[in-house]
Student: 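Submitted below is the structure of interest, expressed as structure tokens.
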Amino acid sequence: LVHAIRDSVSDKVTLVPSVVDHVVDAKPQYFDMVKSAMADVPRIGTSRRVFQGAAYASAGKTGTAQVYSLHGAKARAVPKNLRDHALYIGFAPVDHPQIAVAVIVEHGTWGASTAAPIVRKVFDYWLVDRPKIKAAEAAAQAASAPVRSPVAAAPAFARPMRGESR
């Protein structure tokens with residue numbers, strides 16, 4: 001699943017060798033069905049409000065892990081340490097994934113209202129903000145690079161080429 005790890009500070013990439021230890025013998029249409037269902041979650045499902053207006057199509061699944069049986073009580077009525085955990089797992093863009101994220105917010109209560117917004121911020125940074133930042137940095141670096149003429153850059157001891165005079 002992981003092909004490489006990029007250090008966020010140095011931008012160094014370390015490749016991770018892939019080892020296949022198990023193959024799921026399933027028809028491709030089953031994976032397509034799951035992918036389609038996951039794509040509906042931010043489009044028309046439980047996280048639609050969180051992903052409304054996103055500049056990309058994502059796929060995901062909200063979830064809740066029960067910590068304590070409420071027995072009909074409201075979640076906000078129990079102590080915070082007994083509230084359910086909020087979950088969200090997603091990837092984007094749907095057609096050519098560049099990023100996958102899984103978030104667990106301990107005692108966050110609901111995946112759609114607590115964990116999904118975190119994933120949206122990560123996706124927005126990775127897919128929208130980061131490319132703009134990298135482009136701006138590249139433009140600034142190109143603009144500040146000294147322009148050197150090839151003649152001025154040639155060392156004084158360079159010999160003229162055949163037929164060329166000094």
Side-chain angles (χ1 to χ4, degrees), residues 1-67 83-150 152-155 158:
L1 294 175
V2 175
H3 300 286
I5 299 171
R6 181 183 312 268
D7 185 294
S8 62
V9 175
S10 69
D11 217 28
K12 179 184 173 200
V13 176
T14 304
L15 298 178
V16 178
S18 296
V19 178
V20 177
D21 63 354
H22 181 75
V23 176
V24 177
D25 187 26
K27 296 178 182 175
Q29 67 248 33
Y30 297 140
F31 291 103
D32 293 341
M33 186 184 314
V34 171
K35 186 176 171 182
S36 174
M38 288 180 73
D40 281 347
V41 172
R43 196 172 59 80
I44 58 172
T46 51
S47 65
R48 70 188 174 282
R49 289 188 185 106
V50 173
F51 285 92
Q52 186 174 18
Y56 49 85
S58 67
K61 178 67 182 99
T62 58
T64 304
Q66 186 178 21
V67 174
R83 293 180 188 164
D84 295 340
H85 301 315
L87 314 163
Y88 194 86
I89 185 166
F91 61 91
V94 171
D95 293 330
H96 300 287
Q98 295 176 26
I99 185 169
V101 177
V103 171
I104 300 172
V105 180
E106 290 185 335
H107 311 294
T109 61
W110 297 284
S113 62
T114 310
I118 296 168
V119 173
R120 166 73 192 260
K121 286 181 186 249
V122 172
F123 284 176
D124 283 351
Y125 169 75
W126 192 261
L127 298 169
V128 179
D129 301 336
R130 184 173 160 267
K132 289 178 185 176
I133 292 167
K134 285 195 172 267
E137 287 172 348
Q141 187 176 12
S144 67
V147 178
R148 296 177 57 184
S149 98

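All values reported here derive from a predicted model rather than from experimental measurement.
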Student: Is R83 reaching over with its side chain to a backbone N or O of T109, donor-acceptor style, under 3.5 angstrom?
Tutor: no
Student: Just by modelled atom types, is the A140 backbone N or O under 3.5 Å from a matching donor or acceptor in the S144 side chain?
Tutor: yes
Student: Could you tell me whether a side-chain N or O of H85 sits under 3.5 Å from a main-chain N or O of A65, the two making a donor and an acceptor?
Tutor: no
Student: What heavy-atom pair brings P93 and Q98 nearest, and what distance separates the two atoms?
Tutor: CD-N, 3.8 Å
Student: What residue pairs, at least two apart or across chains, pass ring-ring contact (aromatic ring centres under 6.0 Å, His included) with a residue in residues 31-56?
Tutor: F51-Y88
Student: Does I104 have more than 12 heavy atoms from other residues, nucleotides or ligands lying within 6.0 Å of its CD1?
Tutor: no
Student: To the closest 0.5 Å, what do you measure between OG (S47) and CE (M38)?
Tutor: 10.0 Å
Student: If you look at every heavy atom in P42 and S58, which pair is closest and at what distance?
Tutor: CG-O, 3.2 Å
Student: Does this structure show an ion pair linking D40 with R43, if we count only N-O contacts that are shorter than 4.0 Å?
Tutor: yes
Student: What distance do R6 atom CZ and L15 atom CG have between them, rounded to the nearest 0.5 Å?
Tutor: 10.5 Å
Student: Going from NZ on K27 to CE on M33, what distance comes out if it is rounded to the nearest 0.5 angstrom?
Tutor: 10.5 Å
Student: Which pair of heavy atoms, one from P131 and one from V128, lies closest together, and at what distance?
Tutor: CD-O, 3.5 Å
Student: Using every non-hydrogen atom in the two residues, find where K35 and A59 come nearest and quote the distance to one decimal.
Tutor: O-CB, 4.5 Å
Student: Quick check on Q29: does its CD atom have over 12 non-hydrogen neighbours (other residues, nucleotides or ligands) under 6.0 Å away?
Tutor: yes
Student: Not counting sequence neighbours, which residues clear ring-ring contact (aromatic ring centres under 6.0 Å, His included) with F123? List them please.
Tutor: none
Student: Flag the pair Y125 / I133 as yes when at least one side-chain heavy-atom distance between them is below 4.5 Å, and no otherwise.
Tutor: yes
Student: Check the pair V103 / V101 against side-chain contact (heavy atoms from CB on, under 4.5 Å), numbers first and verdict last.
Tutor: CA-CA 7 Å; V103 171; V101 177; 3.8 Å; yes
Student: Atom CD of Q66 and atom OG1 of T64: how far apart are they, to the nearest 0.5 Å?
Tutor: 10.0 Å
Student: Quick one: does T62's side chain have a donor or acceptor within less than 3.5 Å of a partner on A112's backbone?
Tutor: no
Student: Mind checking whether V13 and I5 have side chains closer than 4.5 Å, heavy atoms only?
Tutor: no
Student: Under the 3.5 angstrom rule, does the side chain of D84 hit a backbone N or O of V67 as a donor-acceptor pair?
Tutor: yes
Student: Kindly say whether L127 contributes a backbone atom to a donor-acceptor pair with the side chain of R130 at under 3.5 angstrom?
Tutor: no
